[in-house]
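Just so you know, these numbers use all the heavy atoms, side chains as well, and skip hydrogens, waters and symmetry mates. If you're wondering where the values come from, they're calculated on a predicted model, not measured in any experiment.
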Amino acid sequence: MGRVFAVTLEGKIYTCRHCKTHLAIAEHIVSKSFHCRHGRAYLFSKVANVSIGEREERMMMTGMHTVADIFCVGCGAIVGWKYETAHEKAQKYKEGKSVLERNKLVGPDGSNYWASHEAHIIGGSDADDV
């Protein structure tokens with residue numbers, strides 16, 4: 001298959017929970033109010049070291065979106081999704097941005113976030129559910 005090239009990020013880094021590949025930095029967080037099936041998720045303006053899956057239409061809590069799952073290039077684990085198109089005008093700010101599921105990450109402080117750890121949190125003005 002070939003060698004995987006991974007970018008090394010600097011700053012407060014979020015890494016893949018499984019293989020510790022760098023995925024994003026804290027300064028690129030747009031919102032911490034997103035949700036997924038497994039708990040909290042963060043919207044990032046930029047992510048690194050991910051591959052993008054097939055585009056598909058998904059009905060989210062905030063309406064219909066065209067999204068693509070994103071995978072860690074280090075281990076292949078699904079780590080979130082990328083917004084390709086938002087069909088509602090109020091949701092256009094999400095286009096081109098990526099959501100990383102918090103339970104798939106290790107935070108900058110080394111903390112793991114498991115679904116049960118944050119499952120009690122409900123709501124958020126821009127929450128989505130896949």
Side-chain angles (χ1 to χ4, degrees):
M1 180 164 155
R3 183 183 287 210
V4 174
F5 175 76
V7 175
T8 301
L9 302 175
E10 294 183 18
K12 294 181 179 181
I13 302 163
Y14 288 88
T15 63
C16 175
R17 182 181 72 169
H18 303 288
C19 70
K20 308 301 185 257
T21 296
H22 293 187
L23 298 175
I25 57 174
E27 70 185 46
H28 292 150
I29 294 174
V30 175
S31 174
K32 291 184 176 182
S33 299
F34 281 66
H35 290 80
C36 63
R37 282 185 214 138
H38 309 290
R40 293 179 69 180
Y42 295 171
L43 180 68
F44 286 87
S45 58
K46 276 190 213 178
V47 294
N49 301 318
V50 297
S51 60
I52 302 171
E54 296 285 322
R55 289 181 178 199
E56 63 181 66
E57 299 292 316
R58 285 191 197 154
M59 179 56 76
M60 307 285 209
M61 290 175 64
T62 55
M64 185 63 75
H65 294 80
T66 304
V67 299
D69 288 333
I70 54 178
F71 303 87
C72 173
V73 297
C75 65
I78 184 169
V79 292
W81 66 92
K82 180 178 181 179
Y83 285 104
E84 299 290 345
T85 307
H87 298 283
E88 295 181 25
K89 189 174 183 179
Q91 302 300 311
K92 292 287 186 184
Y93 76 96
K94 297 176 183 176
E95 291 182 345
K97 296 177 177 66
S98 298
V99 173
L100 295 178
E101 297 181 25
R102 197 62 186 92
N103 71 320
K104 307 281 178 84
L105 305 174
V106 174
D109 60 357
S111 60
N112 283 302
Y113 287 76
W114 301 95
S116 61
H117 178 70
E118 297 183 357
H120 67 280
I121 299 170
I122 300 173
S125 60
D126 56 357
D128 281 328
D129 189 16
V130 291

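- Nearest heavy atoms, Ala77 versus His18: CB-CD2, 3.6 Å.
- Ion pairing of Asp69 with Arg55 is absent here, as no side-chain N (NZ or NE/NH1/NH2) approaches a carboxylate O to less than 4.0 Å.
- Side-chain contact between Phe34 and Arg40 is absent, with no heavy atoms from C-beta onward closer than 4.5 Å.
- Side-chain contact, Lys46 with Ser98: no donor N or O sits under 3.5 Å from an acceptor N or O.
- The number of heavy atoms from other shown groups lying within 6.0 Å of NZ (Lys92) is above 12.
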Stepwise side-chain contact (heavy atoms from CB on, under 4.5 Å) test for Thr85 and His65: CA-CA 6 Å; Thr85 307; His65 294 80; over 6 Å; no
Leu100/Trp81 under side-chain contact (heavy atoms from CB on, under 4.5 Å): CA gap, chis, key distance, verdict: CA-CA 7 Å; Leu100 295 178; Trp81 66 92; over 6 Å; no
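- In terms of modelled atom types and a separation under 3.5 Å, the side chain of Lys20 and the main chain of Arg17 share a donor-acceptor contact.
- Glu101 and Ala41 make their closest contact through CA-CB, 4.1 Å (heavy atoms, listed as atom of the first residue, atom of the second, distance).
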CA sep, side-chain torsions, deciding dist, call: Ile25, Lys12, side-chain contact (heavy atoms from CB on, under 4.5 Å): CA-CA 5 Å; Ile25 57 174; Lys12 294 181 179 181; 5.8 Å; no
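- The closest donor-acceptor contact from the side chain of Asn49 to the backbone of His22 lies under 3.5 Å.
- The existence of a salt bridge linking Lys97 and Glu95 is excluded, since no basic side-chain nitrogen approaches an acidic carboxylate oxygen closer than 4.0 Å.
- Looking at heavy atoms from C-beta onward, Lys94 lies in side-chain contact with Thr62 at the 4.5 angstrom threshold.
- A side-chain donor-acceptor contact under 3.5 Å links His87 and Glu57.
- Of all heavy-atom pairs spanning Ile29 and Phe44, the tightest one is CG1-CE2, 3.3 Å.
- Counting only distance, with no hydrogens or angles, the side chain of Arg58 and the backbone of Met64 share no donor-acceptor pair below 3.5 Å.
- Considering Val79, Val106, Val47 in turn, Val79 is the only one that fulfils the side chain to side chain contact (heavy atoms under 4.5 Å, CB included) rule with Leu23.
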